[in-house]
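Here is the structure we will look at, set down as C-alpha cells.
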Protein chains: 2
Amino acid sequence: MTEIAISDAEWQVINVIWDGQPMTSQEIVAELSATTNWAPATVKTMLHRLTKKEVLTFDQQGNRYVYRARVRRSDCVRRECRSFVRKVFSGETSSLLAHFLKSSKLTAEEIQDLRNILDEQEAQS
Amino acid sequence: MTEIAISDAEWQVINVIWDGQPMTSQEIVAELSATTNWAPATVKTMLHRLTKKEVLTFDQQGNRYVYRARVRRSDCVRRECRSFVRKVFSGETSSLLAHFLKSSKLTAEEIQDLRNILDEQEAQS
DNA sequence: TGACATCGTTTACAAGTGTAGTTAATTACA
DNA sequence: TGTAATTAACTACACTTGTAAACGATGTCA
C-alpha cells in the first residue's frame, strides 16, 4: 500500500520539479527562491527526504544530481484530494464543489468550461 | 494573525462537535467510536489540545465538561480550502474545480444544482 | 463514609516537519 | 597540483502529531 505522505513544504518542492523536470538542485533552489525564503540547505533537506520517500529519483552527473519525479502528479493530486474532501467535507464531493463554486470569482470563460464538463458528466451517466 | 492549525485527527473531532454541540466528552467519544479505533484517552488528548488552541471551549458541570466550538466551521473550511488549493493546484481554483468535476460521479440532481450555482455566479459578474 | 467509577490533567514517546548549519567529498580554476 | 568553490550527506533541534497510559480529583452508590 505504501502510504506516501508528502508534507506541505515538500509539495512546494515537488511542484516545481513536476513543472520543470529534470532539474538540478540549484535550478530547484533558484525556482523556489521566487516563492519562499528558504535557505538552500533547506531545499536540499527536502530533496533528500523526498528521495528517501521514493517520490524523487536522480541521475548523477559529476558531483551534482539531476532530479526527476518517480510518482505521477495526477496520482498524488488524486490521493490528496481524496483525503481532503474526506477531512473537510465528510467525503461529499458535491459539497466541496458547491463551496468552491460559490467562493471563487470565475471568469465567464471559466464558467463556460465548467459547464461543458458538467455536460460531459451528464452525458456519461 | 493567530495561525490556527487543526491537524487531521483534530478535524475528525471538531467535525463531530460542529454537528452535535454542545456535547460532553463521552458523547464525543461515542460518536467517534463509530468511525475510528481511538482509545477514549486519545479523544481526551485531542479535546485538550483543541481547547488549548482555542478552537474549543467548555462549560463545567460537576466534574464533566460540555464542549462547544469557539470557531465557526465556515471559517475553518474556508481557510483549509485556501491553503489546499494553493498547495495542490497552485492557487488556481478553476483547476481544482475541473479536477473534482471530472473525477466525481454526480447524480443528475447534483449536476443541476451545480449548474444553478454557475448561473448565479455568472449573473453576479 | 468507604470503595469504586469516572473525569480531566499530566506525562510519554516515537515519528514527522520546518528550518538550517556543518562536514566530507569532489570539481574546477589558477 | 594545490586551493577555493560547490555539492550532497550528516547532524541538529524545537515543535507538532498520533496514540495512549498513569495519575489525581471528584462524584456515586452502598
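What you see is a predicted model, and the numbers here were worked out from it, not measured in a lab.
Taking only side-chain atoms of B:A5, from C-beta outward, the nucleotide of C:dC7, C:dT27, D:dT17 with the closest atom is D:dT17. Checked against C:dT27, D:dT17, C:dT17, the side chain of A:R49 finds its nearest nucleotide in C:dT17. Nearest nucleotide to the A:N63 side chain, out of D:dT17, C:dT9, D:dT6: D:dT6. Taking every side-chain heavy atom of A:H48 into account, D:dA9 is the closest of D:dA8, C:dC7, D:dA9. Nearest nucleotide to the B:T45 side chain, out of D:dC10, D:dA20, C:dC7: D:dA20.
Look at CD on B:Q61: it is 12 Å from P on D:dG27, rounded to the nearest Å. Rounded to whole Å, atom P of C:dG21 lies 14 Å from atom CE of A:M46. Residue A:Q60 contributes atom CD, which lies 14 Å from atom P of C:dA25 at whole-angstrom precision. Following rounding to the nearest Å, A:K52 (NZ) and D:dA9 (C1') show an atom-to-atom distance of 12 Å. Here D:dA9 presents its C1' atom at 11 Å from CZ of A:F58, a figure rounded to the nearest Å. Taking atom NZ of A:K44 as the reference point, atom P of C:dA24 lies 17 Å away to the nearest angstrom. A straight line from OH of A:Y65 to P of C:dA25 spans 13 Å, rounded to a whole angstrom. Summarising the geometry, the separation between CZ on B:R64 and P on C:dA5 is reported as 15 Å, rounded to the nearest angstrom.
Backbone-only contact: A:K53 has heavy atoms under 4.0 Å from sugar-phosphate atoms and none from a base.
A donor and an acceptor atom, one from each side chain of B:E92 and B:S94, are nowhere located under 3.5 Å apart. The closest side-chain donor-acceptor pair between A:R64 and A:Q61, if any, does not fall under 3.5 angstrom. If you check the side chains of B:T107 and B:E109, you find no donor sitting under 3.5 Å from an acceptor.
A salt bridge is defined here as a Lys NZ or Arg NE, NH1 or NH2 lying under 4.0 Å from an Asp or Glu carboxylate O, and B:D19 with B:R73 meets this definition. Ion pair B:R86/A:D8 not flagged as a salt bridge, since none of the NZ, NE, NH1 or NH2 atoms sits closer than 4.0 Å to an Asp/Glu carboxylate oxygen.
Within residues 22-43 of chain B, the residues approached by DNA chain D to less than 4.0 Å at the level of any non-hydrogen atom are B:W38, B:A39, B:A41, B:T42, in residue-number order.
At least one donor-acceptor pair under 3.5 Å links the side chain of B:Q121 to the backbone N or O of A:S104.
Between B:V66 and A:E10, the residue whose closest nucleotide on DNA chain C is further toward the 5' end is B:V66.
Below 30°, between 30° and 60°, or above 60°: for B:F58 and B:Y67 the angle between ring planes is above 60°, a perpendicular geometry.
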